[in-house]
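Below is one structure, written out as structure tokens; comments come after it.
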Amino acid sequence: MKRILAFSLAVIMLLACMTGCSSKPSYKEDTVMTVNGVEISWDEYMFWIGYAAMYLNYQYSMYGMELDWSAEVQEGMTAAQWCVDYAQKTIVQKAVIDAKCAEMEITLNEDEQAEVQKSLDDYKAQCCGEDATDDQFEAYLKTNEYSNISVLRSSQTTTALTNKLFDKLYGEDNSKVDGNELLALAEENGYTKANHILFLFTDENGEARSDAEKAAGKAKLEGFMEELNAIEDKEARYARFLELKEENCEDTGTEAYQFAAGTMVEEFYNKSLELGEYEMDIVETTYGYHLMIGLPLDLDYSVTGGANQEPLSLRETMVNKMFTDQLEQWQNEAEVKMIGEFEDFDFTSVFGPSGFIYQSWADRAAAKKK
């Protein structure tokens, strides 16, 4: 699968091309900020705040909770402040992606542009019906998403450009990246691989086993380890290990685990780091006794992740990390400037009890004149 871990929901939509700016720049009336000289309008800025707000509200609704915009969702950060922070980071990241694509002459061909249009047409039909006009779609977006077709087209275009940028940097099949470099990166980030034969501390009925049963289970694993250590050829040793695992392991998983910190219990992870290739030891965890065998990292073997994560190979995982790190570097290097009144503007003030106070820059401008 192609990427883009790093890409969370925020990164997949994004904006802007790099331009120069004069020593005394003149900005459009509705310019809120610039990223490397590219102007970001009020409507575009508010679109991303709205996007963040919908995302956060959805997360709360999943747990049957009502979102209070003034309540803290992170230490020292209210829900409204989180949305503003989320939006600004997304805007900056989109801007640097678009700028790099322009710099590297990465563009969409006719077929790719047609895919962007199809995506917009499908979304219009989903929101407004098959026969909806663009005007009806614009009205829907303004009312429900603080958006417009132009902003959506820009975000979808950046999505497609992001994939092409990835391929340009690393190759369509990650072919431009040296495997040894990826293995070194995996080791630096604490990835390890191991297999095990598990003796559980509970029986098939979920009842706790007696101390005598536990001692017998451990002794059985020790016997396996003694047998396996007598096999000098590593491949033959592992082949016999797999036979013993199939006959004796009480883990529901049948494959080896390739993982980083935080995926498995700490004792299992730490022991895996300690073991050399095809070395063995027994470790105790809250689950039971594990006869573990260390294995070499394998770039084409999947990485063990969360229950709802689509498995990626170690190669894909590490190249995704390289891309994420590169995007973060570009983002940190970007020159970001808030313009005029917006240098000290409290964007959380645009949130009312029922959502946004203004639906567009024009609405805000009209309200200020009253």
Side-chain angles (χ1 to χ4, degrees), residues 1 179-180 182-318:
M1 160 186 171
N180 291 328
L182 294 177
L183 286 172
L185 182 63
E187 290 178 359
E188 288 173 14
N189 285 273
Y191 280 85
T192 182
K193 186 180 180 186
N195 207 335
H196 75 148
I197 301 172
L198 172 63
F199 174 81
L200 288 170
F201 286 162
T202 55
D203 61 24
E204 61 273 12
N205 298 316
E207 299 293 329
R209 283 172 163 156
S210 66
D211 289 344
E213 289 174 316
K214 292 178 182 178
K218 185 177 183 181
K220 185 177 183 180
L221 295 182
E222 289 171 338
F224 293 160
M225 185 164 61
E226 183 177 355
E227 175 190 344
L228 291 165
N229 278 329
I231 304 173
E232 294 185 4
D233 182 80
K234 292 180 178 180
E235 291 185 5
R237 180 187 305 165
Y238 189 53
R240 177 57 180 154
F241 179 95
L242 293 176
E243 291 175 354
L244 292 171
K245 177 184 174 101
E246 184 176 358
E247 298 166 1
N248 299 278
C249 187
E250 296 179 340
D251 184 7
T252 54
T254 59
E255 305 293 333
Y257 296 101
Q258 188 162 241
F259 58 103
T263 304
M264 312 292 282
V265 292
E266 186 176 3
E267 299 89 346
F268 192 94
Y269 174 70
N270 290 339
K271 179 58 66 175
S272 184
L273 287 177
E274 292 174 12
L275 293 172
E277 293 182 9
Y278 303 103
E279 290 182 352
M280 288 171 293
D281 202 356
I282 294 173
V283 65
E284 179 180 349
T285 71
T286 54
Y287 294 101
Y289 291 119
H290 309 251
L291 171 56
M292 294 182 60
I293 184 167
L295 298 171
L297 289 173
D298 184 345
L299 290 174
D300 297 316
Y301 194 85
S302 62
V303 170
T304 303
N308 297 319
Q309 294 180 4
E310 183 175 348
L312 296 176
S313 70
L314 183 60
R315 184 187 306 276
E316 292 170 316
T317 302
M318 289 300 98

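Side chains are part of it too, since the values below use all heavy atoms of this structure and drop only hydrogens, waters and symmetry mates.
Of all heavy-atom pairs between Ala256 and Leu295, the closest is CB-CD1, 3.8 Å. The two atoms that bring Asp298 and Leu314 nearest to each other are O-CB, 3.6 Å, heavy atoms only. Across all their heavy atoms, Asn205 and Asp203 have their closest contact at N-OD1, 2.8 Å. Closest heavy-atom contact between Tyr269 and Gly190: OH-O, 2.7 Å.
Side-chain contact between Ile282 and Leu221 is present, with heavy atoms from C-beta onward closer than 4.5 Å. A 4.5 Å side-chain heavy-atom check between Thr285 and His290 finds at least one atom pair inside the cut-off.
Within the 3.5 Å criterion, the main-chain N or O of Lys193 finds no donor-acceptor partner in the side chain of Gln258. Side-chain atoms of Lys245 come within 3.5 Å of backbone N or O of His196 as a donor-acceptor pair. Not one N or O on the side chain of Tyr257 forms a donor-acceptor pair closer than 3.5 Å with the backbone of Met264.
For Arg237, the salt bridge (Lys or Arg N to Asp or Glu O under 4.0 Å) test picks out no residue, with sequence neighbours left out. In this structure Asp300 satisfies the salt bridge (Lys or Arg N to Asp or Glu O under 4.0 Å) test together with Arg315, sequence neighbours excluded. Ser210 meets the side-chain contact (heavy atoms from CB on, under 4.5 Å) test with Ala212, Glu213; sequence neighbours excluded. By the side-chain contact (heavy atoms from CB on, under 4.5 Å) test, Ala194 is found to be paired with Ser272, Met292, residues two or more places apart in sequence or in another chain being considered. Scored by the side-chain contact (heavy atoms from CB on, under 4.5 Å) test, Ala236 finds Ile231, Asp233 as partners (sequence neighbours excluded). Applying the ring pair (Phe, Tyr, Trp, His ring centres under 6.0 Å) rule to Tyr191 yields no partners; only residues at least two apart in sequence or on another chain are considered. Looking at residues two or more places apart in sequence or on another chain, you find a side chain to side chain donor-acceptor pair (under 3.5 Å) between Tyr238 and Asn195. For Glu284, there are no salt bridge (Lys or Arg N to Asp or Glu O under 4.0 Å) partners at least two apart in sequence or on another chain. Applying the side chain to side chain donor-acceptor pair (under 3.5 Å) test to Ser313 and every residue at least two apart in sequence or in another chain returns Glu316.
A distance of 8.0 Å separates CG of Leu275 from OG1 of Thr192, quoted to the nearest 0.5 Å. Within the model, atoms CD of Glu243 and CG of Leu228 stand 10.0 Å from one another, a figure rounded to the nearest 0.5 Å. Between atom CE of residue Met225 and atom CD1 of residue Ile293 there is a gap of 11.0 Å, rounded to the nearest 0.5 Å. Atom CG in Asn229 sits 14.5 Å away from atom OH in Tyr278 (nearest 0.5 Å).
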Report task. Go through the steps to decide whether Leu297 and Leu183 satisfy the test side chain to side chain contact (heavy atoms under 4.5 Å, CB included), and finish with yes or no. Result -> CA-CA 7 Å; Leu297 289 173; Leu183 286 172; 3.9 Å; yes
**Report entry** From CA spacing to verdict: side chain to side chain contact (heavy atoms under 4.5 Å, CB included), Met280, Leu291
**Finding:** CA-CA 7 Å; Met280 288 171 293; Leu291 171 56; 4.2 Å; yes
Requested in this report: Please step through side chain to side chain contact (heavy atoms under 4.5 Å, CB included) for the pair Phe199 and Arg209, ending with a clear verdict.
Outcome: CA-CA 11 Å; Phe199 174 81; Arg209 283 172 163 156; 3.3 Å; yes
Requested in this report: Determine, stepwise, if the pair Leu244 / Ile197 fulfils side chain to side chain contact (heavy atoms under 4.5 Å, CB included).
Outcome: CA-CA 8 Å; Leu244 292 171; Ile197 301 172; 3.8 Å; yes
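Residue pairs meeting the salt bridge (charged side-chain N to carboxylate O under 4.0 Å, His left out) criterion with at least one member in residues 253-273, sequence neighbours excluded: Lys271-Glu274, Lys271-Asp281. Residue pairs meeting the ring pair (Phe, Tyr, Trp, His ring centres under 6.0 Å) criterion with at least one partner in residues 200-232, sequence neighbours excluded, are Phe201-Tyr289. The stretch residues 218-232 participates, sequence neighbours left out, in these salt bridge (charged side-chain N to carboxylate O under 4.0 Å, His left out) pairs: Glu227-Arg240.
More than 12 heavy atoms of other shown residues, nucleotides or ligands fall within 6.0 angstrom of atom CD in Glu247.
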